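Accompanying notes for the structure given below.
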Amino acid sequence: MTKIEACLFDLDGVIVDTAKYHYLAWRRLANELGFDFTQEHNESLKGVSRMESLKILLQVGGLTVDETSKIEMAERKNNWYCEYISKMTPDEILPGAKEFLEELRHKGIKIALGSASKNAMTILNNVNLVNHFDAIIDGTKTSNAKPNPEVFLLGAKELNVLPSECVVFEDARSGIEAATNAGMYSVGIGDPLVLNKANIVVSSLKEMTLEKLNY
Ligand code: G6P
Ligand code: MG
């Protein structure tokens, strides 16, 4: 790729291990509604907005509900999720994430967050990482969920760089697609079978170096 000017990071499952809390809260909702929700079902929720996630979950359970119930259910899930994340500490930063952010800063590469979550600021505050980002684009600033590229294009715009100069780090299929749709290079974090559309895949940011991007 051309010279890297910026790196854009998804939050849940890339910087912090909150993917497990989203799963726990969605599973709890599914169980209350009377059906099971497996890790495999959960894959399709990763990176997807709260209301879109609920829609997928209700499809898994074969349920049709009215708008008012949907809002109540999404709120019920979010309350449990907020309870989990309220106790988060910097210990829950994923291996290598903080070190990689610091390496980028040291090399003068700009850094943005690109997350669908409306809880992103709470999490970044709890793990003390707010100051590691030059721009923060979260679910309060976007209206189109990944795989729509909006979140990453807004990040590039706020950092004043071109999409072709950006690298996206993502743990979700929908996020990798969003990066591709934005015209950005993508690094999958996790399972190469799930993230087969990424340009490269590593198991965690601990395995990540700028050399792997041919920088
Ligand atoms: C991230 C997560 C999704 C989550 C979405 C919205 O993209 O990967 O699992 O549904 O954010 O999060 P929120 O905290 O606003 O419900
Ligand atoms: Mg994620």
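Just so you know, ligand 1 is whichever comes first in the structure, and atom 1 is the first atom listed for that ligand. Please read all numbers here as calculations on a predicted model, not as lab measurements. Both backbone and side-chain heavy atoms feed into the values below; hydrogens, waters and symmetry mates do not.
Minimum interatomic distance between S117 and D12 (heavy atoms only, all atoms of both residues): CB-OD2, 3.8 Å.
Salt-bridge check for E72 with R76: passed, with a basic side-chain N closer than 4.0 Å to an acidic carboxylate O. K141 has no carboxylate O lying under 4.0 Å from a charged side-chain N of D138, or vice versa, which leaves the two without a salt bridge. Under a 4.0 Å N-O distance rule, the pair R105/E102 does not qualify as a salt bridge.
A donor-acceptor pair under 3.5 Å links the side-chain atoms of N199 to the main chain of S186, judged by distance alone.
Taking the six-membered ring where the residue is Trp, F100 and F169 present perpendicular rings, their angle passing 60° and hence far from 30°.
In this structure, the salt bridge (charged side-chain N to carboxylate O under 4.0 Å, His left out) partners of K46, at least two apart in sequence or on a different chain, are E43. With sequence neighbours left out, the side chain to side chain donor-acceptor pair (under 3.5 Å) criterion links E52 to no other residue.
Counting only protein atoms, the N, O or S atoms lying less than 2.8 Å from the Mg ion (ligand 2) are D10 OD2, D12 O, D171 OD1, ordered by chain and residue number.
The side-chain tip of K77 points at the ring of Y81 from less than 6.0 angstrom away and within 45° of straight on.
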Ligand 1 polar-atom proximity to protein (N/O, under 3.5 Å):
| from | atom 1 | to | atom 2 | distance (Å) |
| --- | --- | --- | --- | --- |
| ligand 1 | 8 (O) | G47 | N | 2.9 |
| ligand 1 | 10 (O) | V48 | O | 2.7 |
| ligand 1 | 11 (O) | S117 | N | 3.4 |
| ligand 1 | 14 (O) | S117 | OG | 2.7 |
| ligand 1 | 14 (O) | N119 | ND2 | 2.7 |
| ligand 1 | 15 (O) | R50 | NH2 | 3.1 |
| ligand 1 | 15 (O) | K118 | N | 2.6 |
| ligand 1 | 16 (O) | R50 | NE | 2.7 |
| ligand 1 | 16 (O) | R50 | NH2 | 3.4 |

